[in-house]
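Written out below as structure tokens is the structure these notes cover.
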Amino acid sequence: MSETASTCPYCGVGCGVLIDAEGGAIRGVRGDPAHPANLGRLCSKGATLHLSAQPGVLASARALHPRMRASREGPMRRVGWDEALEHLAGRFADIVARHGPDAVGFYVSGQLLTEDYYVFNKLAKGLIGTNNIDTNSRLCMSSAVAAYKRALGADAPPPCYEDLDAADCLFIAGSNTAWAHPILFRRIEQARRERPQLKIVVVDPRRTETAEIADLHLALQPGTDVALFHGMLHAMLWDGLVDTAYIARHTAGFEALREAVRPFTPAFAAQLCGLREQDVVQAARWFAGLRDDGGRGATLSLYCQGLNQSSAGTDKNLALLNLHLACGQIGREGAGPLSLTGQPNAMGGREVGGMANLLSGHRDLANAGDRAEVAALWGVDQVPAQPGLTAVDMFRAAAQGRLKALWIACTNPLQSLPNAALVREALQRAELVVVQEAFEHTASAGYAHVLLPAASWGEKQGTVTNSERRISRVRAAVAPPGQARADWEIAADFGRRLEARMRPGRASMFAWPDARAVWNEHRESTRGRDLDITGLSWDLLEREGPQQWPFPTGAARGRQRLYADGRFATPDARARLCAVEYRPVAEARDARFPFALNTGRLRDQWHGMSRSGSVPRLFAHRPAPSVDLHPGDMARRGLAEGDLVRLSSRRGTQVLPARADPGLAPGQAFVAMHWGPEYLGGTAGNGKPTLGVNGLTLDVLDPVSRQPELKHAAVKVLRAELPWRLCAFGWLEQGGEAPLRRALMDALRGLDYLSCVPFGRERCGLALHAAGHEPPDEASLRFVAGVFGLDAPQVLRYRDSRTRDERRVLLRGDALHAVLLCGGPGAVAAEAWLRELLESQAPARTLGRLLLAPGARAPLPAAGARGAQVCNCLDVRAGDIARELAASTGDAADRLAALQRRLGCGTQCGSCLPTLRRMAAEASSLGVPA
Ligand code: SF4
């Protein structure tokens, strides 16, 4: 058994992991106690990483060989690397020759390593001569980047994670940290335990698990953040809470800002935001931190997509930075604006300039001197000056036929970009679509002309940078499966073949022997820049572990906190206070589309679920897609939990089960960002397949950052009258989950609603749900039954020839193995207890034909009592917890401790702690038992 220190590939917290491997296979993972980001902790996603590298996943879900198709509709055939890359070099050279370099585009990913990013950037800007390279970080951080640069002069988050331990006030805006950055949330919980006087303010339209620990939850109307921040600044000015000396010494633009916020009295801001005036004032006082003795407590803000994913994302960020600068809440311990990166290496991508408007080493494309420096570094005549196409614009150009070739690496735009119908059009229209992927069954991979298999977590070498500017090593514990190769190697190999055609006879730009050599070249590009890491070496990273930037030559360590001297990265060293205007959301709600659709993460899933979706147990917390609505909105529409509704925006429609969430305000709807066309389907009114949540979202962009407004779309919610229902679930015996899921959804395409989601802990099961006006043809139903083994002679069956309701049940040994229920609206009523019986593998044979009972009530007392999963590590369910709480006494803390002692929940990764705390508090306040 070998142990390899590496980094978690999911979120931007950047936790260190130790990977156990044996015989060339990954066997286990645990948190690295020596890594400063997590000190040994992992959340539910990180703690199950090894399960995404099991042989079954490698065999069925991973891309293992290069493959190509001769025509758009033709089948994929396996080819060698030489054939694939020679073909691509020829096609790219030809397209560039015929249409110019801007006819090609690269859409890459914040999950790539810094070295991968560096090579792609050099390939596009240095060799081909186009700035058409952008990244899915555009959907994530570009508003934060634009604001940091405009206000502070450089794209550099000033604080560090240790500031959580020193802050007096945490101001969390547009971030469900408890679910999206769980290990940071564990640090917040610890800070709260150690310093009960710590104030926590959460700004979020939803009452999330993060909001539940807040002293003040500002549940503002979607898109009104600028009005809130202006109102807070107005209150600070009125009450004399700003730091006039700091403003005078270290900032510019104060007068214009004061004029801009003058109309935003707390009363006016509260009215715009749907808040109480006194709450706006209270938030301002806590943020400013002014104490009676004239001293000032420290305020750290943590913010994420709620600010960034907006048509006013840059302004929202700037308005928050105004608050920090006006109160001197920056550059000192416990204070500063810390944007939380969604992806593991969104920061690294920015460092190498891997976006359409950036250049290596945080250089600017618009600056001729910067372009000349990069051209000299790369040994090319020039770097093009014209900014490239950003993410959404790149796909618009492809849909219009302007972009001929698209190279997509390590991302799934058909799942993640807004207005997915436009992305589908782009993928259908482009002459050449290259998908470089570790996972073969993404929706976008289905449109590839050439599929290139990429190495993934645990299989490649390089570096990533987390949210606090900390560079960590990523290390290989095993060799990549099949013929998969590291992303940078693929790009470099292609680059060498293309340069042989485009600049024959010249020394190669892509001749690195390994990832370390690529990193060394990147390091050189940072010399003299704000992120200078020339004092850092690969050996030092190996020897002493993760380091923060800047780390210039001669420094003994990286700088923990920026701007401590009040000197900013602007020409006059002063930060800019920005008089931004409040603009409402781009798509207003109206009588036709009266709901505000919000999107975001689930606790146990990550982005498009290419990797986390390969671990069935991670679905247990939310086992099916849903649209969450306020219970009052559901009641007014006569909707019960699980009823199907048609959710429609001006761009598309999607049928989904309704789920009540009292944490949402009336008039708001929420769908998790993960539910794309791989797991959720159906047919839209135009007869085309629906595309999941992003079939509905809005592709209006922030004018500066070009980040789309993924957090708000106007939608309507109507009951879906679909009289025919199907539900089939069971354990899989052979074949991979991903291809079977796809085959099942293909078999029933044409129905209005489809979802297919894995489940299970020790084994893998699939649960298929479908609904339509009419049943599908018999052959499709036979196929579905066959996948679950429900066509065998020993299957128990019931069929009503009048209603055509049908129930089938298969037992293996003493336990339930598979179930199919279909027919009229009541035909699937028995699903919940049958599913629990199947998952528990409790003895079921003695029930005999009672298993075909149609009702929602189980014919045995124990079934149907465990409820939804709360603790993923130990599979503890809500029903188990409720029973335990009913038997416990004392206050919430006593009851939580008793739960942890008796059931073990909340003692492992801690991701379920917020839920446990809430359940314990509710039991305590209800006085259960009396
Ligand atoms: Fe990975 Fe969870 Fe850490 Fe994020 S918080 S890096 S998902 S272990």
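Only heavy atoms go into these numbers, but all of them, side chains included; no hydrogens, no water, no symmetry mates. First listed ligand is number 1; within each ligand, the first listed atom is number 1. Keep in mind that this is a model prediction, so the values were computed, not measured.
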Checklist line | Salt-bridge present (Glu189, Arg186; N to O < 4.0 Å) | finding: yes
Margin query: Between the side chains of Asp530 and Arg469, is the shortest nitrogen-to-carboxylate-oxygen separation below 4.0 Å, so that they form an ion pair?
Written below: no
Margin query: Once you restrict to heavy atoms under 4.0 Å, what part of Cys8 touches ligand 1? Side chain, backbone, both or neither.
Written below: side chain
Item checked: Check: His674 main-chain N/O paired with Gln415 side-chain donor or acceptor under 3.5 Å -> yes
Note to self: Between Glu333 and Arg561, does any side-chain N to carboxylate O distance fall below 4.0 Å?
What the structure shows: no
Note to self: Taking Asp20 first and then Arg30, would you say they form a salt bridge - that is, a charged N and a carboxylate O separated by under 4.0 Å?
What the structure shows: no
Next item on the list: Show which atoms of ligand 1 fall inside a sub-4.0 Å distance from at least one heavy-atom site of Lys45.
Entry: 7 (S)
Check: Under 30°, 30 to 60°, or over 60°: which ring-plane class applies to Tyr679 and Phe619, parallel, tilted or perpendicular?
Finding: tilted
Margin query: Considering Thr48, Leu42, Thr7, Ile183 one by one, which has a heavy atom nearer to atom 5 (S) of ligand 1 than any of the others?
Written below: Ile183
Notebook entry, point to check: Closest non-hydrogen protein atom to atom 4 (Fe) of ligand 1, residue and atom name please, with distance?
Noted result: Cys11 SG, 2.3 Å
Notebook entry, point to check: Atoms of ligand 1 less than 4.0 Å from Pro182 heavy atoms?
Noted result: 5 (S)
Item checked: Sole candidate of Leu903, Leu899, Val870 that passes side-chain contact (heavy atoms from CB on, under 4.5 Å) when paired with Val876 -> Leu903
Item checked: Distance from atom 3 (Fe) of ligand 1 to nearest protein heavy atom, with residue and atom -> Cys15 SG, 2.3 Å
Note to self: With heavy-atom distances below 4.0 Å as the criterion, list the atoms of ligand 1 near Gly14.
What the structure shows: 6 (S)
Item checked: Min heavy-atom dist Asn38 to ligand 1 below 4.0 Å -> no
Notebook entry, point to check: Are Asp604 and Lys45 within salt-bridge range, i.e. N to O under 4.0 Å?
Noted result: no
Margin query: Given Ser44, Ala47, Pro9, Cys43, identify the one with the heavy atom nearest to atom 8 (S) of ligand 1.
Written below: Cys43
Item checked: atom 3 (Fe) of ligand 1 contact by His181, N, O or S atom under 2.8 Å -> no
Note to self: Under a 4.0 angstrom heavy-atom cut-off, which atoms of ligand 1 come close to Tyr10?
What the structure shows: 7 (S)
